[in-house]
Protein chains: 2
Amino acid sequence: MSDPIEQVRKRLTEVGGRTAQDLGLGRIVGQILVHLYLTPTEASLEDIAKDLGLSKAAVSIAARQLESLGLLRRSWKSGDRKTYYRTADDIASALHQGLLMLVRNKMGMLATELQQAEAELSPKEAGAEAAFMLSRVKRARKLRDTAMSVLENPVVKLLTRVK
Amino acid sequence: MSDPIEQVRKRLTEVGGRTAQDLGLGRIVGQILVHLYLTPTEASLEDIAKDLGLSKAAVSIAARQLESLGLLRRSWKSGDRKTYYRTADDIASALHQGLLMLVRNKMGMLATELQQAEAELSPKEAGAEAAFMLSRVKRARKLRDTAMSVLENPVVKLLTRVK
DNA sequence: ATAAGCGTTTACAAAATTATTAACGCACAA
DNA sequence: TTGTGCGTTAATAATTTTGTAAACGCTTAT
């Protein structure tokens with residue numbers, strides 16, 4: 001297995017692991033996705049576990065995550081009890097959608113917190129301290145709104161289409 | 001200190017901590033930044049540590065990170081040996097630049113890996129396996145290039161300016 | 001010169017995350 | 001039924017990450 005092809009696959013698989021970890025998705029998720037992306041045939045849970053040197057359990061959990069993100073497809077073969085996995089066909093858009101959703105969620109949380117803070121400061125407190133905090137919160141909200149509007153901007157959405 | 005103002009500050013500080021952690025910057029970094037952002041006066045290392053219930057050491061390290069990101073400013077008062085901190089004036093653009101830089105770095109790494117893989121597969125290996133991998137790598141590279149071009153697009157840059 | 005205060009570093013401890021092993025449950029086959 | 005193979009789950013082990021306490025070195029004041 002010191003095949004040059006295997007070497008490339010292994011290296012890219014590691015890259016996938018690191019990348020996924022950066023996104024808070026767990027290293028294994030990325031490893032599996034890249035491994036399957038670079039594999040022409042479908043692979044069973046055990047295949048994947050063996051290829052990546054991981055336990056079936058870990059692969060099972062990660063594969064589930066990947067499927068829920070729309071990045072993996074399960075399939076079955078008649079007369080074979082195993083589940084087989086392959087990457088989704090529209091993997092690019094799934095990736096795009098997934099990341100967008102992730103950011104949107106975070107941004108939503110942020111908006112909620114900032115609005116609540118603003119509401120609690122606005123009417124009641126009148127001291128200089130409160131006035132200062134209110135101005136800061138308002139500025140933060142404007143910043144967030146701008147960032148969000150960029151993501152949702154039709155021009156940007158157009159640009160993100162892969163030809 | 002069950003002051004409603006303090007409550008708001010504390011809650012937003014926690015939000016900052018979580019957000020920073022999501023970005024892989026460490027919780028404390030976010031806590032400090034928000035805490036100072038919501039504070040009109042400058043604060044010393046010890047002030048910050050006490051307010052947030054952290055050790056001076058932890059604050060020292062995080063503050064350094066924040067300064068290197070251009071998000072914090074140090075200052076000194078004559079006849080006082082302490083270092084004082086306040087958020088940078090252009091905090092919005094610093095944040096923007098910093099995040100952009102982070103993404104750019106990741107994207108750069110990715111590009112390097114993909115190009116290298118492509119080079120190693122292109123000329124030599126001729127099997128069906130290699131051909132498949134090559135096509136996948138090329139597609140991945142195209143995806144990356146598109147994502148990157150969006151970030152660097154002049155229209156997008158314009159949109160991200162906070163009024 | 002000596003002492004005292006401050007920020008930083010380092011070595012350690014605590015806590016959270018991650019992955020594994022082993023047990024379980026379910027489906028199909030004999 | 002009973003046995004076999006598969007995927008999942010739950011408990012444990014290992015690793016990594018995170019934060020602290022204590023020691024250090026530098027600077028300034030006495």
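Reckoned from all heavy atoms, side chains included, excluding hydrogens, waters and symmetry mates. Convention: sequence-line order gives letters A, B, ...; per-chain numbering from 1. Keep in mind it's a predicted model, so treat the numbers as computed, not measured.
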- Whole Å only: how far is the CD1 atom of I61(B) from the P atom of dA21(D)? 14 Å
- Which part of the nucleic acid does T83(B) contact within heavy-atom distance under 4.0 Å: base, sugar-phosphate only, or nothing? sugar-phosphate
- If every non-hydrogen atom of A140(A) is compared with every non-hydrogen atom of Y37(B), which pair is closest and at what distance? N-OH, 3.6 Å
- Separation of dC6(C) atom C1' from K77(B) atom NZ, nearest Å, is 16 Å
- Message: Contact list please: residues 17-40 of chain A against DNA chain D, heavy atoms, distance less than 4.0 Å, in numerical order.
- Response: none
- Report yes if a side-chain nitrogen or oxygen of R64(A) is closer than 4.0 Å to either non-bridging phosphate oxygen (OP1 or OP2) of dT9(D); otherwise report no. yes
- To the nearest Å, how far apart are D47(B) CG and dC6(C) P? 10 Å
- 5' priority, DNA chain D, between K56(B) and E46(A) [closest heavy atom]: E46(A)
- When the distance from OH of Y84(A) to C1' of dG5(D) is rounded to whole Å, what number comes out? 12 Å
- Item | R9(B) and E6(B) ion-paired at < 4.0 Å | yes
- Note on the structure: Taking every heavy atom of L36(A) against every heavy atom of A43(A), the minimum-distance pair comes out as CD2-CB, 3.8 Å
- For L45(B) and for V59(A), find the nucleotide of DNA chain C with the closest heavy atom, then tell me which residue's nucleotide is more 5'. L45(B)
- Considering only NZ, NE, NH1 and NH2 on the basic side and carboxylate oxygens on the acidic side, decide whether E113(A) and R144(A) come within less than 4.0 Å. no
- Query: Could you give the CD-to-C1' distance, from Q65(B) to dT18(D), as a whole number of Å?
  - Reply: 12 Å
- Query: With no hydrogens and no angle check, is any side-chain donor or acceptor of D47(A) less than 3.5 Å from a backbone partner on S44(A)?
  - Reply: yes
- Task: Return the nearest nucleotide to the side chain of A57(B); candidates are dC28(C), dG7(C), dA22(D).
- Result: dA22(D)
- Query: Is R141(B) reaching over with its side chain to a backbone N or O of L114(B), donor-acceptor style, under 3.5 angstrom?
  - Reply: no
- Query: Charged N to carboxylate O under 4.0 angstrom, E42(B) versus R73(B)?
  - Reply: no
- Expressed in angstrom and rounded to an integer, what is the separation of I48(A) atom CD1 from dA19(C) atom P? 15 Å
- Selection from dT20(C), dG7(D), dA27(C) that lies nearest to any side-chain heavy atom of R81(A): dA27(C)
- Ignoring backbone atoms, test whether S60(A) places a side-chain nitrogen or oxygen under 4.0 Å from the OP1 or OP2 oxygen of dT8(D). yes
- Nearest-Å distance, NZ (K82(A)) to P (dC28(C))? 17 Å
- What integer distance in Å separates L54(A):CG from dT21(C):P? 11 Å
